[in-house]
2 protein chains.
Amino acid sequence: MRLEQITIKDIARELNVSTSTVSRALKDYPGISDETKRKVKELAEKMDYRPNAIALSLRKSRSFTIGVIIPEVVHFFFSTVISGIEEVAFARGYNVILTQTNEKLVREKSSIATMLSNQIDGVLVSFSKETTDFEHFSNLLAKGFPIVFFDRVPDIDNAITVTVDDYSGAFEATKHLLQQGYRRIAHLSGPSNLKISQERARGYTDALIHHGFTPDPGFIVECNKGTDDEAQKITAEILETFSTKPDAFFANNDMAAVGAMLACKAAGLRVPEDVGIVGFSNWQFCSMIDPSLSSVSQPGFNLGAKATEILLDLIEKKIQLGEYSNSVVLETELLIRKSSVR
Amino acid sequence: MRLEQITIKDIARELNVSTSTVSRALKDYPGISDETKRKVKELAEKMDYRPNAIALSLRKSRSFTIGVIIPEVVHFFFSTVISGIEEVAFARGYNVILTQTNEKLVREKSSIATMLSNQIDGVLVSFSKETTDFEHFSNLLAKGFPIVFFDRVPDIDNAITVTVDDYSGAFEATKHLLQQGYRRIAHLSGPSNLKISQERARGYTDALIHHGFTPDPGFIVECNKGTDDEAQKITAEILETFSTKPDAFFANNDMAAVGAMLACKAAGLRVPEDVGIVGFSNWQFCSMIDPSLSSVSQPGFNLGAKATEILLDLIEKKIQLGEYSNSVVLETELLIRKSSVR
DNA sequence: ATCGTCACCGCAATCGTCTGCATTAATTTT
DNA sequence: AAAATTAATGCAGACGATTGCGGTGACGAT
């Protein structure tokens, strides 16, 4: 059957005192004799008493639980973020309820609903690709409910966001390709409704302009799913149909970069001699493939940790809304490997 | 401030009825007039009422939450398992509380403690590498608390376990290497206290015996951490110091396999011509590296899903302890790629 | 003998929901 | 018209813990 947990009542009965006394004794309240405290604590220890967190939550309207809404768990970057979240939450005594949306808006909505019903103290959110309006969050924000957005963030003013510097990561990657002598750099972009995709595309474009080149909008091709298969097909198509062929690819993510690399190899092009490739996220496999893949590394763990710290500070009122600059941006780092150096 | 949720009291006050009536009306209990039901439901809808799951948990001693204790999140296999868990739990209306132990026993213990304190209905567990005694679980099991172990499971009779067929995966992998003509196959094993490591080593050994070879215990080398760096060092050492050099490596996991591959390449050996390599887990990168890595794929998603189904069935008393055969074993599949075919 | 002080402790309400057992009013039966 | 039945609803206690407030007894002071 259900686990029969020891309650404060059991201790009270055993000791012939009231539950109030037990409660206060356990918490070292004044007004309880040392003798009583000792007896209560001893018995509690002996009976292996553990406070019922549910009852506490009800009483305090606090659950010491935070929710995490994430597009998908099976994703190197997101899993490192989760790891960071979990680490900080655990250290500060909070539980983590996790749901993945599988990039579906309906699941995002229903997840937030059941989480609220479970009285979570706050929530960390990274949007699904489908999410274009933020209504289901904005009314929560308006009520002052603690929300911190990370990575995939909304473009509204009063939201607290933690992101990585996608713009400068993309800028540096593109600049690096230019410095290596690549001239016709294509960009395999992500879904255009995501701010991160926009930022990366903007970094790419600005880097070109900054170095005196004129960006060709046709050289930005959207890879919506972000899988290697998709990118492979798209790249193959580009290599076939474009009149001016790209001599480098800057991909929105590493999977797409690998897809591009495979397509190039299949087309008889050598990487990095004929074509340079740079990815984004620095998945584990980057250093394991041949040629090893240059990539922009995102501090996933730190991002998760930082977002959680801010959220918990908000929850515990250590900071007020607006005290932090609303958006925290963590630095990215371009890791240069073989795929982009000739 | 904290989110001011609408309660049934608010609805009751507004409608001049008792909370009991509201509660029953919302649940379509008999004995409530259709008129009242309609009014209550309408107002509940209008006020955006959501039942307080915490209060329900307290009342029912059920939280509709399951706990997941996992060594680490940033791990391809485990993240797919989590995905499977989350999927089934969500579909059946359960929340998932996640904690990672980072392979530490103390965190395993404290995680289970706070989870119990949060009145979880059951728990899914994969052990940390440090865990050698199961006391912190066995007394829970004795009390009939629903626990399902997966992947890294204890070796006790009354525990329900869901695993993949490590033995036959290892057997097939080794057999495949033998069939390709490799004769001096070394095994980079995992921590010997984990049953999965033992099973894989056993499959390896049995395959050798089955094909008429005498296993050399010295050819089983433990890679405790399971990282590519560690495996690279160990493999390099093997290649240097062993009098009979291995001509193939069957690794306990893919990271180790990659490490071995790198070490072989560094030693001037060609893969697969001089040395064959097979990994375990079929991480995403297997098909992306050069040469592509043969590996035993584990059905992570299915494993998570199956374990969760069993757990929820247990919780909901759809099945009794012992009704399932205590251990469910899912099939593995050897995926043959270039690293082991000459 | 009466009062005040102090240490120690218990009562009861509370958080939001559910539910067994009344209670009330309306309706039907005799 | 009185009694019995039925339908609709309310009361109150429970789940486990916390906490403001009031109560009890011992003790010393007056």
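Below, each value reflects all heavy atoms present in this structure, side chains not excepted, and no hydrogens, waters or symmetry copies.
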Basic-acidic side-chain contact under 4.0 Å: E14(B), K46(B): no
Distance-only donor-acceptor test, S20(B) side-chain atoms vs dT19(C) base atoms, 3.5 Å: yes
Heavy-atom side-chain proximity of Q119(A) to S57(A) below 4.5 angstrom: no
Test: R152(B) cationic atom under 6.0 Å from F150(B) six-membered ring centre, within 45° of axis: no
I6(B) CD1 - dG16(C) P separation (whole Å): 11 Å
Student check: side-chain heavy atoms of I97(A) and L98(B) closer than 4.5 Å: no
4.5 Å side-chain heavy-atom contact, R62(B) and F64(B): yes
Nucleotide dT17(C), atom P - distance to CZ of R59(B) in whole Å: 12 Å
Of the listed nucleotides dC18(C), dT18(D), dA12(D), the one nearest the side chain of L56(B): dC18(C)
Pair R38(B)-E35(B), salt bridge (charged side-chain N to carboxylate O under 4.0 Å, His left out): steps then yes or no: CA-CA 5 Å; R38(B) 193 187 51 74; E35(B) 172 67 6; 3.2 Å; yes
Toward the 5' end of DNA chain D, by each residue's nearest nucleotide, S18(B) or L58(B): S18(B)
Nucleotide dC8(C), atom P - distance to NZ of K39(A) in whole Å: 13 Å
Length of the NZ-P vector between K60(A) and dC15(D), whole Å: 21 Å
Touch class at under 4.0 angstrom, heavy-atom based, for V17(A) against every strand present: sugar-phosphate
Value in whole Å for how far the C1' atom of dC15(C) lies from CD1 of I54(A): 13 Å
Minimum-distance nucleotide (side-chain atoms of S33(B) versus dT18(D), dA8(D), dC18(C)): dA8(D)
T7(B) side-chain proximity, nearest of dG16(C), dG10(C), dT19(C): dG16(C)
Short N-O contact, K109(B) and E130(B), less than 4.0 angstrom: no
Interatomic distance where CZ belongs to R62(B) and C1' belongs to dC15(D) [whole Å]: 15 Å
Among dC9(C), dG20(C), dT17(C), the one nearest R24(B) by side-chain distance: dG20(C)
Sugar-phosphate, base or nothing in reach of D10(B), heavy atoms under 4.0 Å: nothing
Distance below 4.0 Å between T36(A) side-chain N/O and dC9(C) OP1 or OP2: yes
L15(A) CG - dC8(C) P separation (whole Å): 16 Å
Listed nucleotide nearest any side-chain atom of Y49(B), set dT19(D), dT19(C), dT17(C): dT17(C)
Atom-pair distance (NZ on K9(B); P on dC11(D)), nearest Å: 13 Å
Sugar-phosphate, base or nothing in reach of P30(A), heavy atoms under 4.0 Å: nothing
Five-pair end axes of the helix from dA1(C)-dT30(D) to dT30(C)-dA1(D), angle between them (10°): 90°
Given DNA chain C, 5'-ward residue of the pair T21(B) and A55(B), judged by closest heavy atom: A55(B)
E87(A) bridged to R92(A) by N-O distance under 4.0 Å: no
Phosphate OP1/OP2 of dT19(C) contacted by K27(B) side-chain N/O (<4.0 Å): no
